[in-house]
Amino acid sequence: MDITICVGSSCHLKGSRDIISIFERLVEKYNLKDKVELKGSFCMGECTNAGVCVCLGEERFKVIPSEAAEFFEKEVLPRVS
Ligand code: FES
């Protein structure tokens, strides 16, 4: 599954780098390297929303860095296990 994290300027300011590193750590921890691909994307047109735009496949979510680990465990793990 592709996880696409917006790294456009607005999402960058809201912490997309932090989210990417948290996700990278969790992909490692749960041994998901062959199941999950982390990708960056330019602006996805959702800048006005709070949080960073993250897509799981075609589904869009808003994620803030302090909730990134919880998001991963709640939304990503069930989709790949
Ligand atoms: S910068 Fe992320 S949606 Fe616009």
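Indexing begins at 1, ligand by ligand and atom by atom, following the structure's order.
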- Message: Set out, in order, the CA-CA distance, both residues' side-chain angles and the distance that settles side chain to side chain contact (heavy atoms under 4.5 Å, CB included) for Glu75 and Glu59, then state yes or no.
- Response: CA-CA 11 Å; Glu75 301 290 350; Glu59 279 180 275; over 6 Å; no
Validation row: [X], [Y] side chains within 4.5 angstrom (heavy atoms):
{"X": "Ile3", "Y": "Phe72", "result": "yes"}
{"X": "Leu77", "Y": "Leu32", "result": "yes"}
{"X": "Cys6", "Y": "Glu46", "result": "no"}

- Going by the side chain to side chain contact (heavy atoms under 4.5 Å, CB included) test, name the single residue among Ile19, Leu56, Ile64, Ile22 that passes it with Phe71. Leu56
- Around atom 2 (Fe) of ligand 1, what protein N, O or S atoms are found below 2.8 Å?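 Cys6 SG, Cys11 SG, with waters left out.
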- Query: Under the ring pair (Phe, Tyr, Trp, His ring centres under 6.0 Å) test, which residues partner Tyr30, sequence neighbours left out?
  - Reply: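 Checked Tyr30 against ring pair (Phe, Tyr, Trp, His ring centres under 6.0 Å); zero matches.
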